[in-house]
Amino acid sequence: MTDFPQLRLRRLRRTEALRGLIRENRVDIGNLIYPLFIVEGSGIKQEIVSMPGIFHFSVDQLPREIEEIAKLGIPGVILFGIPEHKDEIASSAYHPQGVIQQAIRAIKQSVPELLVATDVCLCEYMSHGHCGIVVNGDVDNDQTLPLLARTALSHAEVGADIVAPSDMMDGRVEVIRRALDEKGLQNIPILSYAAKYASAFYGPFREAAESTPQFGDRRSYQMDPPNLREALREIEQDIAEGADIIMVKPALAYLDVIQQVRGRFNYPLAAYNVSGEYSMVKAAAQQGWLDEKPAVLEILTAIKRAGADIIITYHAKEVSQWLQAP
Ligand code: PBG
């Protein structure tokens with residue numbers, strides 16, 4: 001009974017209703033997080049050249065955007081800040097009136113129930129563009145930790161629902177957890193960019209966030225792309241330090257990592273469908289080389305199939321429109 005002609009796998013592909021009935025994975029808006037780039041100033045809504053359809057917003061322009069996002073059914077956003085003032089201690093990252101701190105307050109005033117996650121990293125705030133304190137040309141792990149804790153705390157204190165460290169310093173989850181707990185913020189979860197690779201696919205983001213390192217690269221802290229076992233150790237470590245949600249980043253070239261992590265750890269798993277993955281599809285679609293909607297849905301479904309629960313994606317708004325009116 002297991003061979004052709006008795007066995008015909010095409011029987012269950014005959015109609016859309018049959019295909020839908022046995023469909024194993026679906027993209028659900030409820031699992032998507034939409035990234036937002038916030039700049040200082042006012043009256044700014046400016047498209048990012050390397051990321052068509054994605055904008056820089058000043059804080060005063062946020063309420064309208066946030067209402068639209070909420071109306072589309074997207075449950076949360078993740079915030080990236082581009083400060084005017086950069087220095088060697090990232091002081092704008094944890095300033096009470098910093099661009100992200102203001103953005104959190106503005107979002108919470110306009111749509112309080114929308115989840116606000118914040119990217120906790122220092123690169124956008126450093127004059128040299130690295131993710132930590134630089135000593136003798138190298139990013140010093142331990143000197144960076146207190147600044148990360150201070151930054152995460154400053155976000156949670158003004159209303160962030162989730163803090164998401166993306167710097168790849170060892171020990172950051174632990175110091176952030178401790179800092180939050182000491183201030184009575186023990187209910188704020190940490191989404192850790194646990195396995196974050198030194199990837200070429202961050203290119204468009206670095207233009208958007210003005211966070212390109214002024215010298216060297218990030219290979220001494222972000223992971224080496226060929227490594228899988230090391231990713232599992234990173235995840236193990238972040239869980240031991242207190243991470244509530246773990247993340248693999250980027251997503252597309254790392255579906256095997258997502259799948260392995262899913263199989264080994266019973267933690268909510270996020271995947272970051274990064275800027276380069278987004279802009280490649282956009283560029284090909286603009287040329288007429290790809291049909292954007294099915295291509296995007298195929299990519300996001302693949303990330304789910306690999307095992308991600310949560311997907312951070314720049315496509316979130318479009319996907320939500322597509323799924324509401326197919
Ligand atoms: C900050 C950070 C980066 C991204 C997210 N957080 C850039 C980097 O590590 O260079 C990349 C996101 C994307 O490409 O969409 N460190």
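Order of listing sets the numbers, starting from 1, for every ligand and every atom in it.
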Next item on the list: Assign the ring pair Y221 / H130 to parallel, tilted or perpendicular, where the plane angle (0 to 90°) is split at 30° and 60°.
Entry: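 The arrangement is perpendicular - the two ring planes meet at more than 60°.
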Let me have the donor-acceptor pairs involving side chains of residues 295-306, under 3.5 Å, with sequence neighbours excluded, atom names and distances please.
residue: T301; atom: OG1; partner: L297; partner atom: O; Å: 2.6
residue: K304; atom: NZ; partner: R26; partner atom: O; Å: 3.3
residue: K304; atom: NZ; partner: N31; partner atom: OD1; Å: 2.9

Next item on the list: Answer with yes or no whether the side chains of Q237 and E241 bring together a donor and an acceptor at under 3.5 Å.
Entry: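 Judged by distance alone, the side chains do pair up.
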Notebook entry, point to check: Do S42 and D60 have a side chain donor and acceptor closer than 3.5 Å?
Noted result: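 Distance-only check fails for S42 and D60.
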Margin query: Quick test of your reading: applying salt bridge (charged side-chain N to carboxylate O under 4.0 Å, His left out), list the pairs with at least one residue in residues 150-169, sequence neighbours left out, ordered by first then second residue.
Written below: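 Counting only pairs at least two positions apart or across chains, the salt bridge (charged side-chain N to carboxylate O under 4.0 Å, His left out) contacts touching residues 150-169 are K108-D161, D167-R172.
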Item checked: Neighbouring protein residues of ligand 1 - any heavy atom closer than 4.0 Å ->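 Close residues (ligand 1, cut-off 4.0 Å): F80, D119, C121, C123, C131, S166, K196, F201, Y202, F205, R206, R218, Q222, K249, Y272, V274, S275, Y314.
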Next item on the list: Sequence neighbours left out, what passes salt bridge (Lys or Arg N to Asp or Glu O under 4.0 Å) with D181? Give chain and number order.
Entry: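 With sequence neighbours excluded, D181 shows a salt bridge (Lys or Arg N to Asp or Glu O under 4.0 Å) to R177, given in chain and number order.
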